[in-house]
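Throughout, a chain's letter reflects where its sequence line sits, starting with A, and its residues are numbered from 1.
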There are 2 protein chains.
Amino acid sequence: MSTPTSGAPRRATISDVAREAGTGKTSISRYLNGELSVLSPQLRARIEAAIERLDYQPNQMARGLKRGRNRLIGMLVADLTNPYSVEVLQGVEAACHALGYMPLICHAANEVDMERRFLQLLTTYRVEGVIVNALGVSEETLRPVGGGGIPAVLVDRSVDGLVTDMVGLDNEGATMLATRHLVERGFDRLWFVVQPFEHISSRRQREAAFRQALKQYPQVSGRTVVLELGDADELAQTLNALDAELDAAIGAQAPGEGARHVALFAANGPVALALARHLHQRHGPDWQKRVALLSIDDPEWAELAGITTIRQPTYDIGYRAVEFLHQRIDGEQSSARDCLLPGELIERASTAR
Amino acid sequence: MSTPTSGAPRRATISDVAREAGTGKTSISRYLNGELSVLSPQLRARIEAAIERLDYQPNQMARGLKRGRNRLIGMLVADLTNPYSVEVLQGVEAACHALGYMPLICHAANEVDMERRFLQLLTTYRVEGVIVNALGVSEETLRPVGGGGIPAVLVDRSVDGLVTDMVGLDNEGATMLATRHLVERGFDRLWFVVQPFEHISSRRQREAAFRQALKQYPQVSGRTVVLELGDADELAQTLNALDAELDAAIGAQAPGEGARHVALFAANGPVALALARHLHQRHGPDWQKRVALLSIDDPEWAELAGITTIRQPTYDIGYRAVEFLHQRIDGEQSSARDCLLPGELIERASTAR
DNA sequence: CTGTTAGCGCGTTCAC
DNA sequence: GTGAACGCGCTAACAG
């Protein structure tokens, strides 16, 4: 019995169903589209039976081709390894579900040319819109998308020269909140640690906000440390250098436990993890007695390690992004909007005195 | 400047290009499909120019409709929150990239009916194959997929009554490896902690392998503890009960630091995290002095916390899955294959004496 | 209420 | 070499 052509017994088409139900394709189509009030109960029953019998499932591709809309939206994620992204994704999925879209998730794995390829691929599949959280896309790359092309909304970061909706964290507020917390807890040497930030607006904003915040506290000193997570060698080198400086800074103070004066302020989760791993490895489980750590982003391990964090409203960010996109797809013409959501301080042992 | 989001200027079609190049659609199509040897260099140049000018991008949907193949494969993931899944995904993506597929990633967020919906959706989009890592799909749900339907390959777990290719961890070997390690380190009270395992083959196998392994070591006692991570209340309750028993077990021994006799063996990363969080919260940063922890899966935080783990060859698992699928799509008729990859022991402080 | 007709954008014979 | 015509599965007028 095994048909040599194996696999596909070629799925039933709308014509098959029509024939099986003894009617025309139109009626089937109408049935599928919920125009049931226009069908005689009798015909309707026959159609249902036929569909059931043939296990018919409409071909979305063909449907989209005809209609001009396929209900697909693209979601470009720079790094799924980052819990932040996954959380945003969950919001995106929920919203898609609610609004009837199917998200096409593309994971660029932190590679710029992958991002470009995916964007082009999405375009090729005629997605109705795109949600972008990328690290290297330039205005030019996004041109076919944002401007006169398909609607796009940016997540977490904006792109220079590109005017589109954006939704993300209120970086300024979050940074202020964190800085104030550290100062209030008595830390007076703050090191803001961040990945190269020239090209990522959110990082840039956080760094700027940090320096801005410091102006309010003349008694505390602050500096920015740049950490390149991509290159393992370079990372190790930077961390070692950082360590030496940290030793110096700490050594200059009272060695007692209650005397921690310096706090590391990680610009995001990955940075915090890199720092924590390094410090743990170098100073053992008690590393937190030497230096405080606070991070924007609230990954699962933060609670385990007792790290104070600024939790982002990730789910909402994703949800709002889809809502924005949906409006654009529906023809919304207003000028580009920004949606900045507030972060929440989760206080834990790492910054306690 | 900038029209806000002017409605789609309707993308150029193949006909547009043909007209622009002063030729017929056929030639364009040939050009696109690389049959360049059949085109006069002159025509070819005109086509290239036209495509460039119109920024033409072939419509994959239409293409797929006609060809019968759209190069789409579905990837159903039960839980993207689990780093394991993301790592597998990276392997899948790499393989897809290499083999020319576009993975349609569906995240079921641990909801069984979502899985069913997605599977149906994928079918509707006529994906050429599916990679499934789900938790609740039954043989029936997968029927249209595995058997006479589109090719499928299972990841990490198999489904009762469904014969398809599967790739995952060598659970037996990994569990043996871990158990032996614990015993060799001198632990003689082993608690295997696992989520409800009746319906998940990999968990079932690990639990069985654990009990099997114990038979080799008459001097050590072992038991299985079931942890339901889904329900927060129930989880807390179980953990508290577990704690009490742990107190008893530990109290019965010498309280000295070097005398740890009981080890927790987490069946996977999420379980390990739940355990670690709870113990940390209850006993503070020094919780590891009371009890050892070892886990299958090697999430990022494991190093930070100094947890000994069995790392799964996640990337390879994903990669192999796509390769299997590719062969099936290409008509491979052999009977269902299993690919069991070995785990690797990563020894860290948590199990040191 | 229902069937007929004409494409959606593209690939593919099959003639020229 | 090149292009016209047909059809993939489906929807949208347009009749009946």
Side-chain angles (χ1 to χ4, degrees), chain A residues 8-48 50-51 54-72 121 123-128 150, chain B residues 8-48 50-51 54-72 121 123-128 150:
Chain A
R10 221 186 39 267
R11 284 213 152 276
T13 78
I14 200 173
S15 303
D16 297 331
V17 179
R19 196 180 318 114
E20 181 79 12
T23 178
K25 303 190 297 181
T26 312
S27 299
I28 312 297
S29 175
R30 286 189 178 125
Y31 173 85
L32 293 176
N33 292 330
E35 303 176 32
L36 18 74
S37 58
V38 205
L39 296 173
S40 68
Q42 191 224 62
L43 212 202
R44 185 174 155 184
R46 273 167 34 220
I47 293 180
E48 271 169 358
I51 288 182
L54 270 46
D55 186 31
Y56 168 70
Q57 302 197 216
N59 183 327
Q60 286 293 351
M61 297 304 182
R63 189 180 273 210
L65 183 58
K66 180 61 189 166
R67 273 214 182 109
R69 354 182 13 179
N70 52 201
R71 306 259 72 184
L72 249 31
L121 202 56
T123 263
T124 260
Y125 276 105
R126 297 295 189 272
V127 296
E128 297 184 35
I150 46 183
Chain B
R10 225 188 34 270
R11 286 212 150 278
T13 79
I14 199 175
S15 304
D16 297 331
V17 179
R19 195 179 322 116
E20 181 80 12
T23 175
K25 304 190 296 180
T26 315
S27 299
I28 312 298
S29 175
R30 284 189 178 128
Y31 173 84
L32 294 177
N33 291 332
E35 303 176 35
L36 18 72
S37 59
V38 204
L39 296 174
S40 66
Q42 191 222 63
L43 212 204
R44 186 174 154 183
R46 270 164 40 218
I47 293 181
E48 273 168 356
I51 287 183
L54 269 46
D55 185 31
Y56 169 71
Q57 304 198 214
N59 183 328
Q60 286 295 347
M61 297 305 181
R63 187 179 276 210
L65 184 58
K66 182 62 189 164
R67 281 224 276 245
R69 341 184 25 178
N70 52 201
R71 308 260 71 184
L72 248 32
L121 201 57
T123 266
T124 258
Y125 277 105
R126 297 295 189 270
V127 296
E128 297 183 37
I150 44 183

Protein-to-nucleotide contact annotation, 5' to 3' order, nucleotides 9-16 of chain D [B base; S sugar-phosphate only; - none; under 4.0 Å, heavy atom]:
BBBBBB--
Would Tyr56(B) and Asp16(B) count as a side-chain contact (heavy atoms from CB on, under 4.5 Å) if you check the C-alpha gap in whole Å, the side-chain angles of each, and the deciding distance to 0.1 Å?
CA-CA 9 Å; Tyr56(B) 169 71; Asp16(B) 297 331; over 6 Å; no
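- Between the side chain of Arg30(A) and the backbone N or O of Val38(A), no donor-acceptor pair lies under 3.5 Å.
- In this structure, Met61(B) CE and Gln60(A) CD are separated by 9.5 Å, a value rounded to the nearest 0.5 Å.
- Rounding to whole angstrom units, CG of residue Leu39(A) and C1' of dG3(C) are separated by 12 Å.
- Judged by distance alone, the side chain of Glu128(A) and the main-chain N or O of Asn70(A) form a donor-acceptor pair under 3.5 Å.
- Checking the phosphate oxygens (OP1, OP2) of dT2(C), no side-chain nitrogen or oxygen of Ser27(A) falls inside 4.0 Å.
- One atom, CZ of Arg19(B), and another, P of dG9(C), lie 11 Å apart when rounded to the nearest Å.
- Residues Tyr31(B) and Ile51(B) are in side-chain contact: their nearest non-hydrogen atoms beyond the backbone lie under 4.5 Å apart.
- Atoms CZ (Arg46(B)) and C1' (dG3(D)) sit 12 Å apart, rounded to a whole Å.
- Atom C1' of nucleotide dC10(C) and atom CG of Asn70(B) are separated by 14 Å, given to the nearest angstrom.
- For Tyr31(B) and dT12(C), the OH to P distance is 18 Å, given to the nearest whole Å.
- Listed for the Arg44(A) side chain is no donor-acceptor partner under 3.5 Å among the backbone atoms of Ser37(A).
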